[in-house]
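Scope of the values below: all heavy atoms of this structure, side chains included, with no hydrogens, waters or symmetry mates.
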Amino acid sequence: MAVQPGERLCLVGRNGAGKSTLLRIVAGEVEADRGTVRFAESAGCAYLGQEVSRGLTGTAGALVAHDDDDVEGSAAGEFERMLTRLGVAPDAPLDTLSGGALRRVLLARTLATGAQVLLLDEPTNHLDIDSVIWLEDFLLRLSTTRAVAVIFVTHDRAFARRLAQRVLEVDRGTLFRHDCDFDEFVRRRDRRLEEEEAQRVAADKVRAQEEAWLRRGVKARRTRDEGRVRRLLAMRDAYRQRRSRAGSARMEIGQAERSGDLVITSRGLSFRWSPEAEPLFQELELEILRGDRVGVVGPNGSGKTTLIRVILGDLTATAGQVRRGANVQHVLFDQLRDALDPQKTVRENLGEGYDTLTINGRNRHISAYMQDFLFAPEDANKPVYTLSGGERNRLLLAKLFA
């Protein structure tokens, strides 16, 4: 892989393919088994990881000095200016910030380093729409006016379409470079996968014919027959080593007891973090009926997650009341995936000590259920901290849906 000044490269691949690991190797956070990474003499590197750090203390403005003694003076000033542009007050306590606001603090810290190479792993995670648009414009300016190279991972197709000049694809252990924009890459990838499938069908047909020949018995140990057997053994080996393209998840939600038509109502609902703080919302009148699909939108820090937590009873409203209907059960997919224990294995997080789960009245073995969410049997004993962000999201969905 070679990256030129000012290049904007989108790194793509299925969950667990190695995108984040590759970025961490380039950033120097993970040591490669072999090979080298070399930067131009004047090119510094800044890395934004996918996860929001937990347990951060102090203020947003003090984060640079707290975490990195080498960053001071003008760099710290640029960091604070970047924070202000992203709508976070430099004196904001980190332990009071929402997941989206924390993400913006870490993003601002990365962008303000002045590095000539930016490695961004899911930079739009937890960002509101206005922040995403600002980030697109900012990175475009950096690459064109200061020749900053940007390598980024994203599942946001609009972000990839606007930024990516070229695409790096991690696919089944191989890195492919596509000198084209994102839409052209998608077309090329689909054509390649169709060609691969056609080649596999043809190879499987030949292998089946050779297997039938071998079952009939080799009539004599002739050199020709021995060579044919060797070719068949090679076909078998190639078939065993074949890496199939990952399929689609088969997600089934465990059905709760049927609720009434009324799911949630609120009257005069208000919330503020302290008596002197501005209310995040007030006098909210809400009615949600069975079957409704409701989107909650707003800028980072405006109170979207807090509203959900108040409705679910995790936080107590400052004023007003919430009423939940009969037989209503809920699951919460939170931004930081707190429902997963990173030290436990996939099996332990799913089964909590049991080997079977009951899904809609049917007992299912954990291994079979895991495969519905694209986990291989050998993934069962992996600690969660070794999984990619996308794999953790799938695991959390599997846990919640059960």
Side-chain angles (χ1 to χ4, degrees), residues 1-4 6-26 50 119-125 127 129 132-133 135-136 139-140 143 149-208 235 237-252 370-379 387-395 397-398:
M1 178 175 69
V3 181
Q4 303 300 322
E7 269 197 308
R8 299 188 303 275
L9 296 166
C10 180
L11 184 60
V12 303
R14 298 297 293 253
N15 294 149
K19 302 184 297 296
S20 297
T21 301
L22 179 57
L23 286 187
R24 293 179 66 198
I25 289 172
V26 175
Q50 190 175 141
L119 308 172
L120 307 177
D121 196 350
E122 295 283 4
T124 60
N125 271 8
L127 294 185
I129 295 171
V132 172
I133 293 172
L135 179 61
E136 290 174 355
L139 292 176
L140 284 169
S143 68
V150 184
I151 308 175
F152 63 94
V153 175
T154 185
H155 288 101
D156 182 338
R157 287 201 171 204
F159 187 82
R161 283 190 178 106
R162 186 162 184 220
L163 278 186
Q165 294 173 308
R166 294 168 184 83
V167 176
L168 293 173
E169 181 189 15
V170 183
D171 181 30
R172 292 162 285 181
T174 303
L175 185 68
F176 299 93
R177 179 183 172 103
H178 303 268
D179 291 317
C180 59
D181 61 24
F182 185 78
D183 286 330
E184 176 61 22
F185 153 72
V186 172
R187 288 189 287 270
R188 291 183 185 182
R189 180 193 60 188
D190 290 344
R191 284 198 301 269
R192 188 182 79 241
L193 291 172
E194 289 172 2
E195 290 168 0
E196 281 184 11
E197 186 59 31
Q199 291 168 0
R200 287 180 176 183
V201 169
D204 288 345
K205 184 177 180 180
V206 172
R207 183 176 58 83
M235 289 180 194
D237 189 53
Y239 181 79
R240 280 194 298 270
Q241 294 183 22
R242 179 187 295 176
R243 286 187 168 185
S244 298
R245 184 186 182 191
S248 299
R250 298 184 298 275
M251 299 183 184
E252 179 183 12
M370 283 172 46
Q371 291 179 50
D372 288 352
F373 290 80
L374 304 182
F375 287 102
E378 58 267 24
D379 293 331
L387 301 180
S388 71
E391 288 172 321
R392 293 186 204 188
N393 282 342
R394 288 208 312 270
L395 177 58
L397 285 173

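Crowding of Ile129 atom CD1: a count of heavy atoms from other residues, nucleotides or ligands under 6.0 Å not exceeding 12.
With rounding to the nearest 0.5 Å, the separation of SG in Cys10 from CZ in Arg157 is 10.5 Å. Within the model, atoms CE of Met370 and CD of Glu378 stand 8.5 Å from one another, a figure rounded to the nearest 0.5 Å. Atom CG of Asn393 sits about 8.5 Å away from atom OG of Ser388, to the nearest 0.5 Å. The CD atom of Glu184 lies 4.5 Å from the CZ atom of Arg187; values are rounded to the nearest 0.5 Å. Note that the NZ atom of Lys19 and the CD1 atom of Ile151 stand 14.5 Å from one another [nearest 0.5 Å]. Here the OG1-CD1 distance, from Thr124 to Ile133, works out to 12.0 Å after rounding to the nearest 0.5 Å.
For the pair Leu11 and Leu175, the minimum side-chain heavy-atom distance is below 4.5 Å. Annotation: side chain of Val167 is not in contact with side chain of Arg189 (no heavy-atom distance under 4.5 Å). Within the 4.5 Å cutoff, side-chain heavy atoms of Met1 are placed close to those of Val26.
Look at Glu194 and Arg191 and you find no salt bridge, because none of the NZ, NE, NH1 or NH2 atoms lies under 4.0 Å from a carboxylate O. Between Arg192 and Glu169, at least one side-chain nitrogen of the basic residue sits less than 4.0 Å from a carboxylate oxygen of the acidic one, meeting the salt-bridge criterion.
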In sequence, state the C-alpha distance, the side-chain angles, and the governing distance for Gln50 and Leu23, and then conclude on side chain to side chain contact (heavy atoms under 4.5 Å, CB included). CA-CA 11 Å; Gln50 190 175 141; Leu23 286 187; over 6 Å; no
Between Leu387 and Arg394, is the side chain to side chain contact (heavy atoms under 4.5 Å, CB included) condition met? List the steps. CA-CA 10 Å; Leu387 301 180; Arg394 288 208 312 270; over 6 Å; no
Dump the intermediate steps for side chain to side chain contact (heavy atoms under 4.5 Å, CB included) on Thr154 and Glu122, then the final yes or no. CA-CA 5 Å; Thr154 185; Glu122 295 283 4; 4.2 Å; yes
Show, in sequence, the C-alpha distance, side-chain angles and deciding distance for Asp156 and Arg162, and conclude whether the side chain to side chain contact (heavy atoms under 4.5 Å, CB included) test is met. CA-CA 10 Å; Asp156 182 338; Arg162 186 162 184 220; over 6 Å; no
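Side chains of Asp121 and Ser20: a donor on one and an acceptor on the other come within 3.5 Å.
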